[in-house]
Structures are given as structure tokens and as C-alpha cells.
Amino acid sequence: VLAGSGEYGYLDGPADQAKFSPTTWWNLKGGICVDANKNIFVSDPWSISIRKITPDGMVKTFAGYENHNPDEADPTPGAQWRESQPKGASNVYFWTNDIKIDNQGNIYNVNMRTAHIIKFNPEGLAFYMGWQAGHSCALDEARNRFYVMLENGDIYSKALDDVGINPASNGELIVHGTGNAGGMEINKKTGDLYITDTGSNQIFKYEYGKWENRILVAGSGESGNKDGAAETASFDQPWGLAFTPEDNLLVAGSGVASPG
């Protein structure tokens, strides 16, 4: 066990004593990412926060409701906090779906509940990036792109550096979904976008800039956990994606598309 006492709740401290909320609630799938210093960041939907697990085994609140600044107004479900731009806000009301991290330690969050795209700097201050009710996200620093997938599988793209009170764009629709949301990841070398389809139990890719062509990467379409050749292997509602330094694609899936 990396962190968590096994008891439901919210509690920072030593990893084996810390408490977390459920990672799937109200269709809010959690996210996880790691920075260059091996700090692990975990979305904690029910606690309305992003938690940080340090290499020395401590759990802290990186950003969110439980980390509010008493000198600022209490967080509300609206986006009033964005008026604090460009200095950033600490009192932010948000629900944590997917999170991704860039090379500078900024964390990007999408969520269905408030439908805000939020960038958190390494100090945990929030910056507004626009509106999309995202299930998952991916970022491509080399090409200055940020991708958001909605509940129906639609994918939007916008500039990664488009941040402020009134961003230039909420995103351009580049892929019409199949009705099933899934995880996303970028191949940083090519800019190709990889996604999971929880409905067909398959993994697909879109070559950068060729969004009309969906290419099968793996999965026969049958539900299961069969290994073997990519086209005959089976998955059960896959979700998480990650690339290794050797460009191997890792796929995770619990077999549960929705809480219940």
C-alpha cells in the first residue's frame, strides 16, 4: 500500500494514516500523476482537492477546498475565483476528474461537475483555462495543445497557454465521440493522441492533425483480459493510459465503467 489507512475520510499526515475519499463517485473518475521529484498527485473528488504523496511518505493537500486561504472569500460553485487572475486563486471549488502534469510542475484538472478547466501552478494556485465538462484530459507541451474528452467521447483541443479571466477559446471540437468516455494520453515524440473506448473495450489512436481517422491499437472488442497479439487481446472497460520511456503503452482498467 502506497498511501491510505483504508478508512474513508479526509486526513493528511503519514501515508499509512492518511484518509482519502472514493476515487469514483458521481461518475468522477480519479486521476494520478507524478512530478520530476517523484511526488505523486492524486485527485480526491469527494474532498474537492488534489492530494500530494511525497517520497518520504507524507500526504499533503496540494490544492482545493481543504487548502483554502482565510484571507480570500469562501469557495463557491461558480467561477468567481477566476477574477483573481493573473495572481492565481487558492479558494477554488472544483471536483477532480482527470489530472495531468507538465514539465514545470503545473497540474491541469478537468471535471464534469463545475465544467472548469483549471491549471494549478506548483504552489497550488488556480488559473482559469475555460469551460468544458471533461472526463479526461491530455497535454502536449511541444505543440502547445491541451485535449479534453467529454462524457459522450467528444474531444476538444485548445492552446495549452490560453489562460486567464476570459480565455480566447474553450476548445475546438476535433473528434466526434462514440458515446463512451475514456482515458487519454499523448505520445510526446509524435504528438499522436491515444484514447480508450470503454464501450468497445478497445484502444485507439489519432495521428496528430489527422483527427478524422481513428486507428485501432489493441483490443478485439470483446470484454475480457486475454493477452496476446494486439488485435486479438481483450480488455474490460479500459481507462488509464501511460507511456514508458521505451514507448510501451500501459493500459489500466478496473472493469467498472461507472460507480454503482
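Counting begins at 1 with the first residue of the sequence.
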Residues in side chain to side chain donor-acceptor pair (under 3.5 Å) contact with Gln202, at least two apart in sequence or another chain: Ser200

Any side-chain donor near an acceptor of the partner, Asp161 and Asn144, under 3.5 Å: yes

Residues in side chain to side chain donor-acceptor pair (under 3.5 Å) contact with Ser5, at least two apart in sequence or another chain: none

Ser220: side chain to side chain donor-acceptor pair (under 3.5 Å) partners, not counting sequence neighbours: none

Test salt bridge (charged side-chain N to carboxylate O under 4.0 Å, His left out) applied to Lys119 - qualifying residues, sequence neighbours left out: none

Results of salt bridge (charged side-chain N to carboxylate O under 4.0 Å, His left out) for Glu207 - residues two or more places apart only: Lys210

Side chain to side chain donor-acceptor pair (under 3.5 Å) against Asn103, all qualifying residues, sequence neighbours excluded: Glu141

With sequence neighbours excluded, residues passing ring pair (Phe, Tyr, Trp, His ring centres under 6.0 Å) with Phe20: none

Glu246: salt bridge (charged side-chain N to carboxylate O under 4.0 Å, His left out) partners, not counting sequence neighbours: none

NZ or CZ of Arg51 within 45° of Phe41 ring axis and under 6.0 Å: no

With sequence neighbours excluded, residues passing salt bridge (charged side-chain N to carboxylate O under 4.0 Å, His left out) with Lys52: none

Ring pair (Phe, Tyr, Trp, His ring centres under 6.0 Å) involving Phe235 - partner list, sequence neighbours excluded: none

Asn37 and Asn39 side chains, donor-acceptor separation under 3.5 Å: no

Summary of ring-ring contact (aromatic ring centres under 6.0 Å, His included) pairs that have at least one residue in residues 149-201, sequence neighbours excluded: Tyr194-Phe243

Member of Ile99, Asn109, Leu125 meeting the side chain to side chain contact (heavy atoms under 4.5 Å, CB included) criterion with Phe120: Asn109

Test item: side-chain donor near acceptor, Thr198 and Asn180, under 3.5 Å: no

With Lys38 via side-chain contact (heavy atoms from CB on, under 4.5 Å) - residues at least two apart: Pro55

Nearest-0.5 Å distance that lies between atom CG in Asp162 and atom CZ in Phe146: 11.5 Å

Test item: side-chain donor near acceptor, Asp197 and Thr178, under 3.5 Å: yes

